[in-house]
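Let me begin by presenting the structure, written as structure tokens, before commenting on it.
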Amino acid sequence: MQLFPCPFCGPRDEREFHFAGEIGKTRPDTTGEVSAEDWARYLNTQRNEKGRVREVWMHLTCSELFVMERDSVTMEVLSSTPLREDVE
Amino acid sequence: MARRYSAWSLFREGLRGHKGWGPAWRSPEPKKRYDVIVIGGGGHGLATAYYLAKNHGITNVAVLEKGWLGGGNTGRNTTVIRSNYFYPESVALYDLSLRLYEGLSKDLNYNVMFSQRGVTNLCHSEPEMEMAARLVNAMRLNGTDAELLDADQLRKFIPALNIRPDARLPIHGAVLQPRGGTGRHDAVAWGYARAADAAGVDIIQNCEVLDFITEGGRCVGVSTSRGDIRADRIGAAVAGHSSVLAEKAGVGLPITSYALQAFVSEPLKPVLDTVLISPVTGTYVSQSDKGGLVIGGGLDRVPSYGQRGNLPVQETVMAGLTEMLPILSKVKLLRHWAGIVDVTPDSSPILGPSALEGLYFNCGWGTGGFKAIPAGGYLFAHILATGAHHDISRPFGADRFTTGRLIDEGAASGIAH
Amino acid sequence: MRDDRHRWTPYDGAWSPYEVGGIAITPVTPERQILISAPAVLSRHPGAIGWPDIATGDSYAISLRRDRVLLVNGPDMAEGWDDEIGQAVSDVTDAYSVFDLTGPKALELLKHGTEIGLQQPSRSAARMLFGLGVFLYRHGAEDRFRLHVLRAQGQTAWQMLTGQAGRL
Amino acid sequence: MTSHRITQGGLIDRSRPLRFSFDGKTYQGYEGDTLVSALLANGVRIMGRSFKYHRPRGPWGAWVDDPNAVFNVTLGGVEFPNCPGATTMLRDGMVTRSVNAFPSASFDLKGGLDLLHRWLGAGFYYKTFIWPDWHLFEPMIRRMAGLGAVSAEVIEGYASDQMHDRCEVLIVGGGAAGLAAARAAAESGRDVVLVEDHDQAGGRLYQLDSVEGQTPQDWVADQLAAIEAAGGRVMTRTTAFGVFDHRMVGLAQQGPFGYAPRLWRMRADRIVLASGAIDRPVTFANNDRPGVMSLDGACEWLARYGVLAGRNIAVLSNNSFAAPAARMLAEAGAEVTEIDPTTGPIRALGSKRLKGIEVAGKRHPADTILVSGGMTPLVHLWRHAGGKLDWDERTQAFLPGAAPEGMAAIGAANGTFDLDQALTEARAVARDEPRPDRAGDYRVKPLWPEPGSKGRQWIDFQHDVTLKDVELAARENYVSVEHLKRYTTLGMAQDQGKTSNMAGLAAMAAIQGRPIPEVGTTTFRPPFVPQPIALYSGPHAGQLYHPLKRLALEPLHRAADAALGEYGGWLRPGWYGSGDPAGHVRAEVIKARETAGILDASPLGKVEVMGPDAESFVNFIYYNTIKTLKPGHIRYGFMLTERGNVMDDGVIARLGPNRFVISCSSSHTDHVRAHLEAWRQDGNDPDRIFIHDLTQQWSTLTVTGPKARDIVAALDMPLDLSADAFPHMTLRETTLNGTPVRVARVSFTGDLSFEISIRSSRAADLWQALCAAGESVGAGPIGIEALSVLRAEKGFIIIGKDTEGETMPHDLGFGIPRQKKQAAFVGDRSLHMEVANRDDRRQLVGFRVDPGAPPLPTGAHLIGDGDTPRSEGYVTSSYDSPTLGHPIALGLLERGADRIGERVAVWHLGQRSSATVCAPCFFDPEGERLNA
């Protein structure tokens, strides 16, 4: 049972969290032309790194969306920062 | 040296202290060049090598395994074999596998103990029964076997089921695929390895692929912990580690790796004579020939490459099990473990060429790779031998993520992979 | 079509206080619970209660999120989007059932439901307990814990808490 | 009797005799005995049979290292399978039976199988049973396999409580090292928890005369008192069974026999492993005979239980622990001969009854052979946590090497086998001081299986794996240690290889001429000792397993004779009345069409979106254009996934310029809320959008039917209910007796409907008022089942029932936003992928059947008319419509929208029928009743 640090709430039981996806996916501007390949890349691409990963998680009890950096092999959590940039 | 397995050869060898058995497979030194390299000595990789030899006459083949044969998900899964799928593409794929399994022991001359004791998917409500009818009809229309059991039939079939009036999940019925069952997972890997080896395939253990060798934008070989090896075509069947390998080749795969746990109990006298699955609880269980209950459940919550168990998922799986079969709560678990499974957006596999010419992938089987080993090998061999898709494998190409033609069984029928 | 009315213990939402060695569980009915969400709402409610803070008095604010508090027994407020202050206001008095857990074994009871301790503070009172989303904090005393749980899960929370208390 | 109780000594309470039976015979033991010690005290040696050959088995070890003495135990009428006799405490009245033996362990009918052993070696089943078919042989093999039978009873209350806790230092093992470390850590101010799996801490200390000048009992008591005085906690009968991520240790705390252990999830800043070591067997001919036992086990039986393992004992040991052990046994009255096993081939003499031992051709009479092949540290938890192991030549053992973060090993678990050194090491580690090096007085000679030697030499006692099996595995190239384990089943018995793995891998090393560390170990997997499934499954069964949400009005529904059932995670009225559900549902449908039905729709989601960007946000979230929605108005729409598939449908109402209420499906509320939150914070300005889920603040009652307006009018709200003033798809905020209410004109039945929402604490008043008003016009409550029929008559879909994961909105007849909506919205681009443009998409249609034909089965497929039937779609909803007097059905059909009027073949479980495709609306297609 892992302890994940919510940037707002502090460390909590992993059961309070939901994996939202890898960091770094930018939604194409769909009001313009988006090629099928670009859209597919946005929908599907995964880096799925073995080792250090940066991911977006949601803390379900406070709904905070945040970026967690961790090691996907050792499960060590390296950092956790809010997704929004204007807060600490 | 006794090569062929039979009751007679066993009897004869028994009389002379089993001195006459030769190695099940050789341990050759890698050659510099092969027609085909298969990366990954799990079930899919070994089956691919076997069918390259058997179906296509290509025997100058190397299987490169970084550890020991069958040491990944092949040796870690819950051994369920079934083709109870909704979409025709899936049934075609998994029923090919099931049919190959039905003849596999004789084909390989190795008893893989495919035990067709049926796969039973429980329904706990009327809407689930309606979905079950939709599934049974789909399976039968798509050419595989399926029966819709009502609650009474089910109770007779599985006396240990929880039919108490206060059961949280009442039993309404089930989908039974009688031809489904379990196999001996290690034997599948070993049987394919032995047969492939006999056909001339080099199975090279403790040989890790470190990088790909490319020339003119084409993959022409691999550099390994045991030197460079070249080949015309290279196929990767490395399950949960596909992304890592793909990254070395500079290609992307829509895969997320998760730990999937499995459990085995102490050996018991026969108590359950089918593979029991509850899609609602996510728990499935069967009893091995040795008597141990083999139990599995859903993916871990956290993507990972850590081959370790996790208490919250263990609670979910076991709570589901005791809800289905409360008499088992007093039975003890001997061990639990995890494999790393490769999950695609639609939970269906990826078969076919990659963005790097000469390099092909067989991956994305997620939680259901074991049952697909014969078909995965059969089709991947076809692709590696001909450079083109087999009709059955074509819908599973990676191009489906661009066209959007996903094969999402979970969304269709609620049946988890 | 199954009639499962008898499979589920009837309930009427009026739980009688429950007491067993070292712990009392009592339903509480705050007069008003107001949810306020706004940027920097915490700076406008600087004493908002997190874990393991002790709320005192009848009226107080609980910190739930970076941008959300729950006002317990605060003033009546107009619901909706307050353009002037820039905040979203909703009356949730009827959305949450509230229980007090009191006594020397109350903390131990909570530890059955989640990984929690007085040495592990949190800026938010929101957490999972026995798999249910709750707001959990102390109220009025070192060993009095108050929890808010969604109304529709009040009966489940009650059964879990009293059942667990009975096993302590 | 060879083994017997001596008159004094041990930790048992001789004043409290306990009666029990084994295989039908009655015996007596004492409080403090284990099953094995009590049987040994009664001279019983044969306690079970081996798995494959049914060879007689006596106990090997006195602790977790015994693979042989396994019993089905009945107490209080409840039978527990496969209880490990060495660690199961004796209780008065226990009825125990050997497993895998009939009629008894001492005389087993299947004992003759041993004669066939030459054909039943490792992996024999892979080589045969291929012809004619495995299924012919399998049932017999399955019946032969397995140990105990599991009884059919469900044990009430057999469920494990769960406790979460944390500590600064968790010490695993309460032997000398563990106690010393716990005391030192506690006294230096640490929050310490010590777990010990025996009843009484002390490990092997009771084998000694004195510890640091005290008797073992006094020393142990002193340490325990000091630990507790310093604030430390001691948990006995508690096994640390696994180390999980982030230093979470799973602890199983035993209660009385028959109760499930409690699960502790103990988070420790630091884990100190003091789990001790076990004796290794020596591999020699017939080393599996009952009476060949662990030397250390025998010393434990003597020290803890006052049981002397034999009268004429041969001690076979390669290490320096043998001498004090032999002395101890001799002092207790046994005749002891020490034998050096390294001098030549060894063979046990006798079969069921041991007669002696032959070493290098020399015979020594003995009734008992006590064996010690060197100590094996118990490093399981170390490996769970990812710690490394190093081979140590001096101790001939794998010892903890590079440590996992926050973990240390001490004492015998660390290869520090000498007491004084273990104590020094334990205290140093506990105080974070440098630890002394391991060197000590312990001496051991290498002693490993010798390939090619004669006789049947057991490696795994329970699973009948012999040295020849290892040799066969090597011959067949199953040489990886994992292949060896899997091919021979070595190490897969109840003890999970604690007794067999070292010998097995050493044998493989010897066969291949490789050093032992090169062969390596197999993976150590949790649990450390077998644990009941109940330990993992947690306490929440029955109603508390996946608990349902409960309606505020449940008491009133019950009072109205509601049949309650699970619908989308809520316990809701399916219909009202007892008996004949179909009749009640039919009557409710007719009532709703003729007068009105009153439905508790409270679970419908009520998620408010507020803030300056609320409008653009919901416009982005919805497939449909929402920004043109005016306050007081309502729109039906879809939320899509980013892949363009329909995720949820429902209505959205605008309460003000910056305020919307999303009414999502009851079962999707949590999912929709998370979906909204994710988009709010990723790609939008979260300071300008706020989402409040107010579903449970409000209860919602729907009045639907031609008399709905009359019923609502009777509430006497200050509200003009006329169709002109209050048209379909609008919303009004008003009051009922001073309480604010929202009234929405939306319909899920196709009839005039009012949805009235009121705070949940006042819902009972509203319900009663509506029911009273309804009664006067013949209206009354209706349940979900009637609603399902009503909405299907109108052709309204239920997401997940009438849609599938691939369904896109244009499959449901809602294609306009896909073509026209300019603003970006979730899923937009996916609606123009190749798959979305296919002309064979499955589209929503209705089906009619011929007059007099029965309703189509839900789940039936629609098939083409080719030679081989191919599925072109399926029936998703089907009812015999009480309103229309004939069956109706909805379904998804390839190119359905273009096939209206076409006859299609229907296929269900092999039966064919036919139906006519029609538009998916059977009731009031013009919408007159809706807009009334």
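Values below: every heavy atom of this structure, side chains too, minus hydrogens, waters and symmetry copies. Computed from a predicted structure; not experimentally measured.
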Exercise. So D/Y536 and B/H336, would you call those rings parallel, tilted or perpendicular, with 30° and 60° as cut-offs?
Worked result: perpendicular

For this session: Please work out whether the ring planes of B/F86 and D/H861 are parallel, tilted or perpendicular, with thresholds of 30° and 60°.
Result: tilted

Give a yes or no answer on whether the side chain of [X] reaches the backbone of [Y] with a donor-acceptor pair at less than 3.5 Å.
X      : Y      : value
B/R168 : D/H546 : yes
B/D408 : D/E806 : no
B/N111 : D/K127 : no
D/R142 : B/Q287 : yes
D/N82  : B/P267 : yes
D/H135 : B/Q116 : yes
D/R870 : B/L141 : no

What option among [options] has the most heavy-atom pairs under 4.5 Å with chain D?
options                       : result
B/N142, B/L293, B/D186        : B/D186
B/A138, B/A160, B/P345        : B/A138
B/G404, B/A133, B/S329        : B/S329
B/A187, B/A24, B/S105         : B/A24
B/L15, B/T281, B/L321, B/N206 : B/L15
B/L406, B/L333, B/L325        : B/L333

Just verifying a value: how many Å separate [X] [atom1] and [Y] [atom2], rounded to the nearest 0.5 Å?
X      : Y      : atom1 : atom2 : answer
D/S871 : B/M139 : OG    : CE    : 13.5 Å
B/F114 : D/D133 : CZ    : CG    : 10.5 Å
D/I130 : B/D107 : CD1   : CG    : 11.0 Å
D/H908 : B/R140 : NE2   : CZ    : 9.0 Å
B/H124 : D/E566 : NE2   : CD    : 10.5 Å
D/R486 : B/W68  : CZ    : CH2   : 4.0 Å

Is chain B contacted by the side chain of [X], its backbone, both, or neither, given a heavy-atom distance below 4.5 Å?
X      : result
D/S480 : side chain
D/T807 : neither
D/E153 : both
D/P132 : backbone

Problem set entry | Derivation of the salt bridge (Lys or Arg N to Asp or Glu O under 4.0 Å) call for D/E138 and B/R117 | CA-CA 10 Å; D/E138 192 195 20; B/R117 60 186 75 166; 2.9 Å; yes

Do [X] and [Y] come close enough that some side-chain heavy atom pair is under 4.5 Å?
X      : Y      : answer
D/V150 : B/V271 : yes
D/L472 : B/W21  : yes
B/H18  : D/E471 : no

If you count heavy-atom pairs under 4.5 Å between each of [options] and chain B, which one has the most?
options                : answer
D/R525, D/Q543, D/M833 : D/R525
D/L120, D/I141, D/T128 : D/T128
D/P526, D/S830, D/G800 : D/P526

Exercise. Side chains of D/Y126 and B/R184: do they bring a donor and an acceptor to under 3.5 Å?
Worked result: yes

Exercise. Under 6.0 Å between ring centres, would you say that holds for B/F11 and D/W119?
Worked result: yes

Exercise. Do D/H384 and B/W337 have ring centroids that are under 6.0 Å from one another?
Worked result: no

Give a yes or no on whether a salt bridge exists between [X] and [Y], defined as a side-chain N under 4.0 angstrom from a carboxylate O.
X      : Y      : value
D/E79  : B/K330 : no
D/E476 : B/R194 : no
B/E130 : D/K801 : yes

